[in-house]
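Since the model is a prediction, treat every value here as computed from it, not as a measurement. FYI, the numbering just counts along the sequence from 1.
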Amino acid sequence: MYGVQFVLGVAVLFVGVVHSWDIAVSVQHQLIFYTNGVESRTVNLNSRNAISLVYDEVHNMMLYVDKQNHNDSICGYDLSSGEDKCFIKRNGRNIHGLAFDPVTDKIFFTDTNDKSVNFISKKRGSDNNTYGELLIRMDDQAPVDVAVDSCKGYIYWTHTNTDGKIEKVQFDGSDRKVVSLPRDYYKPFSLAIDPQTKKMFYFDACGICESSSGYLNKADFNGTHESVLLSGFYGTQSRSRVLTISKDYVYWMNSTGSYDSIWQFPKNDSIYSTAPKEITKFYNERILGIVAKYKIEEQIKGISDCDSLSSLIPIITEPHGEPCGVSVCMNYCLQGNCSVKDDGLPECSCNAGFTGGRCEISSCHGFCLNDGTCSLNEDSEPVCQCRGDYSGHRCEISGCLNYCMEGNCSFIDGVPKCSCNAGYSGERCQVSVCDGFCLNDGECSLNEEDEPVCQCAGNHVGPRCEDDITDTTPTNDLAKINPTLINLLSTLRKQSSKMYVLVEV
């Protein structure tokens, strides 16, 4: 059964080449679609290097950059008809970032060679320049990724070449502002804008690290209240679009060197609150782009100042293809109660300790680290019972952490014990055998048997530099004394009170 959808007053027949999907990934010349983490469809593109995926819900089209060694095109795959066409053909552009504004029907893109942000119109009959139209050009910054705030009419972009930062400007090129302070080492390179949470999500990459480690951050649209969601992911800064957001999650791609993978994390959580989830991995192919389906209706739900987008919400004339007599709530909410909204879609009220669109995520999921056991307290908050050698709110602190000063730590009967390095002793290996051993400014070191040995200073001699020979020998004769005889003298002094005569050697 086909559905008829009305967009901007025009009826469109959906033949359903690609049906339901959550995220899409580009690998070489293919688009691979996933539904609930399971591969559901694969389609072939005319391009062999499709990067910077963007979903255009109004036209049900997947936009992408056909990367051809700085001779790039901007193309689109129609998910309804299966047609693949290009809007900007190869003309020397070096395109990295891509974004679409459904209100103005414009595609925005960056050109790192031209140091500019540009646009083309998708409106029927638009007379686009072969190279696109210039929005803004930088003096010394090469923009990388772009994202749009369709509610407020702003486009955001990232810099990474010198003083990495995030800037924004209105769709007409006015009111340019810096919304993220420059960074010394970590620079933002991939960006997503979420009107629902009024947050921007971006990846910071270390510009001086051997392996391209990075942080996944979020902040208000003006750059305030910045927080880290995740850290320690690698190898992604060479790709143009490495993260995307949906109604509930932020997705990103990660490269370990041996394989590429897609990860998922709740976008409203904070660092350490939930463990990230790996969706899929590729061992023999590189992931070039990723995009999540984030419907306009979901983006602006509950937002009163976004009339420009609310007028674009598609109207489905047939109710989701459900058979007569079957409730949309049947088996929908996994841990909670279901109700039907005014638009006919199911909505869940989750039981205590569960979250997610279908109440599928336990608050305990991935909460306790290092094999800790999780349970819910009276306030339905997760609480961890840690193993004997770990502590902390999430069992994230090892009992051996910084315990042994100079040695190795292990747990015995639930108590940390130290195995000290040579030359150290004490319960925490905090005492050096050299501490206080050499007297009178003597220098202590260990011999081959790990015993302390002194190198005496000045006129002092003895195993611990405890004797001063100036009381029996004139100062101007010290240079003539054989060191062996000096040590012998010290030994003889301890054994007898008789007078000894030094023989000049």
Side-chain angles (χ1 to χ4, degrees), residues 51-52 54 63 65-74 87-101 104 106-121 128-150 152-193 200-209 212 214-215 217 219-224 226 236-243:
I51 69 168
S52 297
V54 174
L63 304 174
V65 176
D66 183 0
K67 201 70 180 169
Q68 297 288 339
N69 298 322
H70 299 183
N71 192 20
D72 307 333
S73 305
I74 296 178
F87 303 96
I88 287 185
K89 297 184 178 180
R90 300 186 181 96
N91 51 29
R93 287 282 196 187
N94 185 14
I95 302 171
H96 279 268
L98 198 67
F100 176 69
D101 173 48
T104 60
K106 290 180 179 179
I107 300 174
F108 294 90
F109 62 95
T110 61
D111 186 332
T112 57
N113 287 348
D114 193 46
K115 299 179 180 178
S116 60
V117 178
N118 310 271
F119 67 90
I120 57 173
S121 176
N128 288 309
N129 186 294
T130 305
Y131 292 87
E133 304 295 334
L134 176 67
L135 177 67
I136 192 168
R137 181 176 282 117
M138 291 70 178
D139 295 327
D140 57 355
Q141 296 282 351
V144 183
D145 201 12
V146 288
V148 296
D149 177 8
S150 296
K152 301 297 184 182
Y154 278 93
I155 183 167
Y156 293 69
W157 69 91
T158 60
H159 300 294
T160 62
N161 56 336
T162 54
D163 55 337
K165 57 188 176 183
I166 301 174
E167 291 192 68
K168 72 175 183 178
V169 72
Q170 287 191 333
F171 287 165
D172 61 0
S174 64
D175 194 26
R176 180 178 174 181
K177 295 179 180 178
V178 175
V179 296
S180 175
L181 294 178
R183 294 153 165 77
D184 293 329
Y185 303 116
Y186 285 86
K187 302 179 186 300
F189 66 96
S190 190
L191 178 67
I193 296 294
M200 56 181 181
F201 296 79
Y202 48 96
F203 235 119
D204 272 349
C206 179
I208 62 173
C209 302
S212 305
Y215 290 89
N217 304 318
D220 294 341
F221 286 167
N222 60 3
T224 59
E226 183 181 48
T236 51
Q237 69 190 58
S238 61
R239 323 285 177 89
S240 297
R241 174 65 55 79
V242 302
L243 71 87

Handout entry: Closest non-hydrogen atom pair, V144 against F189
Key = CG1-O, 3.8 Å

Practice task
With sequence neighbours left out, write down each residue that passes side chain to side chain donor-acceptor pair (under 3.5 Å) with K177, or none if nothing qualifies.
Solution key: none

Fill in the blank from the handout: Rounded to the nearest 0.5 Å, the CG atom of L191 sits from the CD1 atom of I166 at a distance of 5.0 Å

Exercise for the section: Taking the side chain as every heavy atom from C-beta outward, state whether T110 and V117 have any pair of such atoms under 4.5 Å apart. Expected result: yes

Handout entry: Closest non-hydrogen atom pair, D172 against L135
Key = C-CD1, 4.0 Å

Completion exercise
From the list D149, V179, D220, side chain to side chain contact (heavy atoms under 4.5 Å, CB included) partner of M200 resolves to V179

Exercise for the section: Provide the closest heavy-atom pair for F100 versus K106 in the form atom of the first, atom of the second, distance. Expected result: CD1-O, 3.2 Å

Handout entry: S150: partners by side chain to side chain donor-acceptor pair (under 3.5 Å), with sequence neighbours left out
Key = D101

Practice task
Please check if any side-chain donor atom of Y154 sits under 3.5 Å from a side-chain acceptor atom of D175, or the reverse.
Solution key: yes

Problem - Contact check, side chains of K67 and H96, non-hydrogen atoms, under 4.5 Å - result: yes

Problem - Residues M138, W157; criterion side-chain contact (heavy atoms from CB on, under 4.5 Å); working and verdict - result: CA-CA 12 Å; M138 291 70 178; W157 69 91; 2.9 Å; yes

Handout entry: Main-chain N/O of T224 paired with N222 side-chain donor or acceptor, under 3.5 Å
Key = yes

Problem - Test item: R93 and N118 side chains (from C-beta on) under 4.5 Å apart, heavy atoms - result: yes

Practice task
Please answer whether the main-chain N or O of A142 pairs with a side-chain N or O of T112 as donor and acceptor at a distance below 3.5 Å.
Solution key: no

Exercise for the section: Could I get the full list of ring pair (Phe, Tyr, Trp, His ring centres under 6.0 Å) partners for F171, not counting sequence neighbours? Expected result: F108

Fill in the blank from the handout: For S116 and P143, the nearest pair of non-hydrogen atoms, with its separation, is O-CG, 3.5 Å

Problem - Residues Y131, D111; criterion side-chain contact (heavy atoms from CB on, under 4.5 Å); working and verdict - result: CA-CA 10 Å; Y131 292 87; D111 186 332; over 6 Å; no

Fill in the blank from the handout: So NZ of K168 and OH of Y156: to nearest 0.5 Å the spacing works out to 4.0 Å

Problem - Main-chain N/O of F203 paired to S190 side chain as donor or acceptor, under 3.5 Å - result: no

Problem - Nearest heavy atoms of K115 and D139, plus distance in Å - result: NZ-O, 3.8 Å

Practice task
Please name the residue in the list I95, D72, L63 that meets the side chain to side chain contact (heavy atoms under 4.5 Å, CB included) test with F109.
Solution key: I95

Exercise for the section: Show the numbers, then the answer: is there a side-chain contact (heavy atoms from CB on, under 4.5 Å) between V169 and I155? Expected result: CA-CA 6 Å; V169 72; I155 183 167; 3.5 Å; yes

Handout entry: Shortest non-hydrogen contact between D145 and G97, atoms and distance
Key = OD1-CA, 3.6 Å

